[in-house]
Amino acid sequence: MTGFFNNGAERMTNIARVGIDLAKQVFHVTALDDSGAVMERKKLRRAGLQSYLALLPRGCVVAMEACGSANHWGRFAARHGHRVRLMSPQFAAPYVKSNKNDVNDADNELPYEGRALLRELGDELRRLDERVRGFDAQIEALARRTPACRRLMAIPGVGQVTATALVAAVGDATQFRNGREMAAWLGLVPRQRSTGGRPTLLGISKRGDRHLRTLLIPGARRALLRAPRGRDRRSRWAVATRERRGWNIAVVALANKNVRAAWAVLAREAEFDAAHIGKAA
């Protein structure tokens, strides 16, 4: 590899970070030292990039924009002992300070203060992620040891977060006379406008606990996606409703039905029965 590096192989020992703009044949590389100073900029072909990564000191941070070939090059760099960082394209765009070109895509010349701030923000995000994982584990444990939650989770579209939230929000389900009252309390029934003695049904009322609706609606959407694979009456009803009324109405109708089923599970301490679909939502 004599002459491969502009400033000699010994210069590579100071390289701490490398930014690579990936392409099919020609790749642009920018190398920086620990202080963030640019050591070199190169334009390499595939074989040259392989040799360059192989000769870098182990432990270098190799940063690339996530794209179709990023995983391949990331695995190649990792095999040579480097730490690979893939950046989503929307986060790479702010680093381009002037005209977009391959060289600009590979050069991160953020000042030290900017890097320190981003590092601090990254540490804070990691701490928050760790706390979220801890809370998720607590919710999962609570759902497993609570009989009402276990029965609720048998309803398609109701997971551990939705089950625990329902039990916490509803409390004693017998305060509602039936499942429709509970669905109305959550805002999952149509608004009505009557004129001249003729009622008109509008969109859902969206009254009650908004957080629960944001759990029930996505859960019903996932259940509706899986419904064509089901053979029970509930799945057939969901598919028929989607074909007859459209996707969005079917999702809300299924969420409404899930709430009615949840009322029966909580108020009667019954097990969920997929063969029973009840009255139309």
Kindly compute the distance separating [atom1] ([X]) from [atom2] ([Y]), expressed to the nearest 0.5 Å.
{"X": "W185", "Y": "R180", "atom1": "CH2", "atom2": "CZ", "result": "16.0 Å"}
{"X": "L266", "Y": "L166", "atom1": "CG", "atom2": "CG", "result": "7.0 Å"}
{"X": "Y52", "Y": "F27", "atom1": "OH", "atom2": "CZ", "result": "14.0 Å"}
{"X": "R242", "Y": "L224", "atom1": "CZ", "atom2": "CG", "result": "6.0 Å"}
{"X": "I20", "Y": "L53", "atom1": "CD1", "atom2": "CG", "result": "5.0 Å"}
{"X": "D34", "Y": "M39", "atom1": "CG", "atom2": "CE", "result": "10.0 Å"}

Heavy-atom pair with the smallest gap, counting every atom of [X] and [Y]:
{"X": "V259", "Y": "G179", "value": "CG1-O, 4.5 Å"}
{"X": "L212", "Y": "A165", "value": "CD2-CB, 3.6 Å"}
{"X": "A70", "Y": "L22", "value": "CA-CD1, 3.6 Å"}
{"X": "A238", "Y": "A227", "value": "CB-CB, 4.1 Å"}
{"X": "M153", "Y": "A163", "value": "CG-CB, 3.8 Å"}
{"X": "C60", "Y": "I15", "value": "SG-O, 3.2 Å"}

Can you check whether [Y]'s main-chain N or O pairs, donor with acceptor, with [X]'s side chain at less than 3.5 Å?
{"X": "N256", "Y": "L188", "answer": "yes"}
{"X": "S235", "Y": "R231", "answer": "no"}
{"X": "Q175", "Y": "D172", "answer": "yes"}
{"X": "R213", "Y": "L186", "answer": "yes"}
{"X": "T146", "Y": "A143", "answer": "no"}
{"X": "R83", "Y": "G59", "answer": "yes"}

Under 4.5 Å between side-chain heavy atoms, hopping through other hydrophobics if needed: is there a path connecting [X] to [Y]?
{"X": "V18", "Y": "L86", "answer": "yes"}
{"X": "V252", "Y": "M182", "answer": "yes"}
{"X": "L215", "Y": "F135", "answer": "no"}
{"X": "L254", "Y": "I249", "answer": "no"}
{"X": "V84", "Y": "V61", "answer": "no"}

Heavy-atom check, side chain of [X] versus side chain of [Y], under 4.5 Å:
{"X": "R222", "Y": "R226", "value": "yes"}
{"X": "M87", "Y": "M64", "value": "no"}
{"X": "K43", "Y": "V26", "value": "yes"}
{"X": "D123", "Y": "R127", "value": "yes"}
{"X": "H82", "Y": "L56", "value": "yes"}
{"X": "R46", "Y": "Q25", "value": "yes"}
{"X": "L216", "Y": "T162", "value": "yes"}

Q: Verify the neighbour count for atom CZ of R85: are there more than 12 heavy atoms of other residues, nucleotides or ligands below 6.0 Å?
A: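 Yes, because the 6.0 Å sphere around CZ of R85 holds more than 12 heavy atoms from other groups.
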Q.
Take a 6.0 Å sphere around CD of E124 and say whether it holds more than 12 heavy atoms from other residues, nucleotides or ligands.
A.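 More than 12 heavy atoms, drawn from other residues, nucleotides or ligands, come within 6.0 Å of this atom.
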Q. When the aromatic ring centroids of W263 and F176 are compared, is their separation below 6.0 Å?
A.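 Ring centres of F176 and W263 not closer than 6.0 Å.
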Q: Using the six-membered ring wherever Trp is involved, compare the ring planes of F76 and H80 and label them parallel, tilted or perpendicular (cut-offs 30° and 60°).
A: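 Tilted, since the angle between the ring planes falls between 30° and 60°.
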Q | Residues R133, D136: salt bridge by 4.0 Å N-O rule | A |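 Not counted as a salt bridge, because no side-chain N and carboxylate O are separated by less than 4.0 Å.
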Q. Using 4.0 Å as the upper bound for N to carboxylate O, is an ion pair formed by E140 and R144?
A.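 Salt bridge between R144 and E140, a charged N being under 4.0 Å from a carboxylate O: yes.
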Q) Will you find, in the side chains of N258 and R234, an N or O donor that is under 3.5 Å from an N or O acceptor? A)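 Looking only at side-chain atoms, R234 and N258 do form a donor-acceptor pair, the distance falling under 3.5 Å.
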Q) Are H28 and R41 close enough, and set up right, to give a side chain to side chain contact (heavy atoms under 4.5 Å, CB included), and what steps lead you there? A) CA-CA 7 Å; H28 286 80; R41 294 187 174 94; over 6 Å; no
Q: Apply side chain to side chain contact (heavy atoms under 4.5 Å, CB included) to the pair W247 and L225, showing each step before the final yes or no.
A: CA-CA 10 Å; W247 176 265; L225 281 171; 3.6 Å; yes
Q: Apply side chain to side chain contact (heavy atoms under 4.5 Å, CB included) to F272 and R151, showing your working.
A: CA-CA 7 Å; F272 170 71; R151 293 195 300 271; over 6 Å; no
Q.
Tell me which one of T164, V265, I139 satisfies side-chain contact (heavy atoms from CB on, under 4.5 Å) with C149.
A.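 For C149, the side-chain contact (heavy atoms from CB on, under 4.5 Å) check succeeds only for T164.
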Q: Give the C-alpha distance, both sets of side-chain angles, the deciding distance and a yes or no for side chain to side chain contact (heavy atoms under 4.5 Å, CB included) between L49 and R45.
A: CA-CA 6 Å; L49 181 59; R45 301 189 73 82; over 6 Å; no
